[in-house]
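These notes are about the structure you will find just below.
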Amino acid sequence: MPTRNDHREGAGPAPAGATSDSLPPELSSALTDAQPGPALFMGDMARYMPALLLGFATINGIGFLVFVATHGFAFQNLLSLVAAILLVASAGLARMGHSSGALRLTFWGSWLLVCAWGLLIAGVRSPALVALPLLVMAGGWLLPRREVFMLAGASIGAMLLLTWSEEAGWLAPRVTRGIWAYCVSLATATVLALGVALVLNEAFVRQYRRLANVSRSLRHLAWHDPLTGLPNRASMLAYLDSTLTRSARDNYPLAVLFIDLDDFKNINDSFGHTAGDYVLTVVASRLQEEVRASDSVARFGGDEFIAVLHGLPDAVAVGYAVERILTRLGVPILLETGREVHANASVGIALFPSDGGDAETLIRNADTAMYRAKAQGRWTFSFYEQAMTEQARQRIKLEGLLRHAVARGELRLAFQAQVNMADHGLVGAEALVRWDNPELGWVMPDDFIPLAEEIGVIASIGEWVLGEACRTWRNLADQGLTLPKLAINISALQLEGGCVLAPLEAALEKHGVPPRMLQLEITESALMGAGQEVECLAKLRARGMGVAVDDFGTGHSSLARLKSLPLDALKIDRSFTGRIGVSSDDEIIARLILRLAETLNLEVVAEGVESREQEAFLLASGCRIGQGNLYGMPLPQSEFFQHWSMVSGKAHPALPGNAEIG
């Protein structure tokens, strides 16, 4: 991903202060491991080694011919000939790819020839012995450490042995004078040293260039997002810190935008992560196109982006700029499959200096404002207000308390009757969860269930509800009040991966509840977007449990979709039943739902029945199961038993109640 000067066009240096010391640990480690060493030069050595060895062989061959031409054939000439043959053999090994073997043969063969020259011909005064320390120096780069020590020790030993032998008179060199012997020996050693130096220098140059490229790449990765090419979180924080310093000095306004894509998870789930990655790259490109050259855009993580807008005079100008961004992002994105998706976003805005004086505060406040934008309906923007900070604190407090609600035994179940509206006989009940916190008091489901889903504790709450509902059913049955249906609302998150199956089976077995007594309910909006979750519902239904759609009429159902789902019942949302007798449109919708259910052979439960007029309308339209305050408020287990054991005397067989977590 390209680095950037202005954080817009994708070219330029990393943020100020982006040194190798500030790289992430894994990248710093990789950079350290890439430092030059013997192993790094072997690839380049293998390229030049055959030619270099053949060059040495040629020099020794010429030396052999010169000796023969000027002095005639002599014993010492054989050493030059042997050296030439040795170097040709090493070059052959190198050409076949055996670089390590060629190096060993060259070094140890050269060492033996140099020692033989000193021992048999020239003695310790031979200039050829200069090659011994040169061989050790070159071996330090090209040979394993153990062999380097062996070569150094052997060279020192050879020099000492030659010196001691000559002083003791045991060594009588054949050539003690002669300009040719000295010149050729010195030339051989010099050529060897120069050749090795040239190869090593070339290897150094190539490897340092390669290392520089690796260093730039690692620094690039440290400060940029590899998918979109935008600066990453660390880069944006460093950039914003330096920018705020200049803005404070020059009294220069800027706005920080926290941009979060709406329902991006649905794109990943429906079309795959490859499509999701493509959408992110398109969003990044559109953001760069919409901001000015002086502005900055970064990917903050996941589907979150940060934009910094410079020099806009007031909130009105910022609002216009954000509207242009939202309009651009709202253009459908065409996937490779030919399908179109929308990458709408919610934007939170924090202004400098009124909403914060440092990077972290501005981003945090913009994030808070973004959540408010989502709460206002999404695909919109919201400016930060001081009151949001208190709301955020309250949310954090609520989140902390909610995480411990199950462990501390603060959850309670209430039961609301489901009745046959024709004779008011009890046909089931809906289990409703309540949170009784010592500090907050009674907390209603609408206030904590969405948060529980967001922070990932809905599974533990749902498991508690399943167990407690089954325990209650058993207690009521033992007291003589057997509910034909006990409905329990489950979250779509509980269906992911079939995680509801194990706790549900355990609760049924523990309390001896027949599976047919349970009615599992999921909201229409969640069920319409489900994929593999439908398979989980089918397994539950195969076990004998009922499946119902809650809040029906508020989602985006289709007849084809409903026909493919494993359903037993629909539940008319209270927003329609509550307006019977008030709105003719809602009455029409209620009748349509009832006709649809009849077509699909599904039972219907009307929620929110509050008056006799509503009851009469529903009965006349073909609905026979009702639930609402007309038949009783939600009651704890003991009060529910006392009331219905006196009112009905027994439970009438019928159909689904509705139970929900909240």
Side-chain angles (χ1 to χ4, degrees), residues 1-24 216 219-225 228-260 284 287-301 304-325 347-370 372-373 381-390 392:
M1 171 187 57
T3 51
R4 310 159 21 127
N5 258 331
D6 58 10
H7 287 238
R8 180 177 185 271
E9 294 299 333
T19 65
S20 59
D21 293 336
S22 60
L23 293 176
R216 283 193 294 269
R219 192 165 289 111
H220 184 107
L221 291 173
W223 292 101
H224 291 78
D225 170 47
T228 63
L230 296 176
N232 60 13
R233 178 192 297 258
S235 179
M236 172 54 74
L237 288 173
Y239 167 80
L240 193 51
D241 279 334
S242 62
T243 301
L244 290 175
T245 301
R246 294 193 299 271
S247 297
R249 181 189 62 212
D250 301 334
N251 195 25
Y252 190 69
L254 59 84
V256 175
L257 314 183
F258 198 104
I259 305 166
D260 185 87
L287 287 173
Q288 287 180 295
E289 292 169 358
E290 285 302 316
V291 301
R292 301 161 301 169
S294 59
D295 299 328
S296 173
V297 178
R299 184 185 179 195
F300 209 58
E304 299 172 341
F305 296 85
I306 295 290
V308 179
L309 309 183
H310 295 264
L312 297 176
D314 51 35
V316 175
V318 174
Y320 284 140
V322 175
E323 285 180 348
R324 289 197 304 271
I325 291 174
V347 181
I349 307 169
L351 303 177
F352 174 82
S354 59
D355 296 332
D358 59 84
E360 290 189 1
T361 300
L362 285 169
I363 291 175
R364 182 175 65 249
N365 290 342
D367 186 18
T368 301
M370 181 273 295
R372 182 175 182 180
F381 64 89
S382 175
F383 284 91
Y384 172 76
E385 298 175 4
Q386 188 63 37
M388 295 181 187
T389 302
E390 182 59 31

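Just so you know, these numbers use all the heavy atoms, side chains as well, and skip hydrogens, waters and symmetry mates.
For T361 (side chain) and G357 (main-chain N/O), no donor-acceptor pair under 3.5 Å exists by modelled atom type. Judged purely by atom type and a 3.5 angstrom limit, R292 uses its side chain to pair as donor or acceptor with the backbone of H310. Side-chain N or O atoms of N365 include none that pairs as donor or acceptor with a backbone N or O of A350 at under 3.5 Å.
Rounded to the nearest 0.5 angstrom, R372 CZ and I349 CD1 are separated by 12.0 Å. Here the straight-line distance linking atom CD of E385 with atom CG of D355 works out to 9.5 Å at 0.5 Å rounding. For the atom pair S296 OG and L287 CG, the distance stands at 11.0 Å (nearest 0.5 Å). One finds the CZ atom of F305 at 6.5 Å from the CG atom of L230 (value rounded to the nearest 0.5 Å). Here the CG atom belonging to D367 is positioned 7.5 Å from the CD1 atom belonging to I306, to the nearest 0.5 angstrom. In this structure, F381 CZ and L257 CG are separated by 10.0 Å, a value rounded to the nearest 0.5 Å.
Between Y239 and P231 there is no side-chain heavy-atom pair separated by less than 4.5 Å. The shortest side-chain heavy-atom distance between L237 and I363 falls under the 4.5 Å cut-off. Counting heavy atoms from C-beta on, the side chains of L244 and L362 come closer than 4.5 Å.
Closest approach of D295 and L309 over heavy atoms only: OD1-CA, 3.3 Å. For the pair A307 and I259, the tightest heavy-atom approach, listed with the atom from each and the gap, is CB-CD1, 4.2 Å. The two residues A238 and W223 have their closest heavy-atom pair at CB-CZ3, 4.0 Å. Considering all non-hydrogen atoms of both residues, F383 and A315 come closest at CZ-O, 3.4 Å. Contact record, V256 with A366: O-CB, 3.7 Å, taken as the closest heavy-atom pair.
Open room surrounds CD on E360; 12 or fewer heavy atoms of other groups in view lie less than 6.0 Å from it. Surrounding CG of N251 are at most 12 heavy atoms belonging to other residues, nucleotides or ligands under 6.0 Å away.
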Run the side chain to side chain contact (heavy atoms under 4.5 Å, CB included) check on M236 and V308 step by step: do they pass?
CA-CA 9 Å; M236 172 54 74; V308 179; 3.8 Å; yes
Passes side chain to side chain contact (heavy atoms under 4.5 Å, CB included), F258 versus V347? Steps please.
CA-CA 6 Å; F258 198 104; V347 181; over 6 Å; no
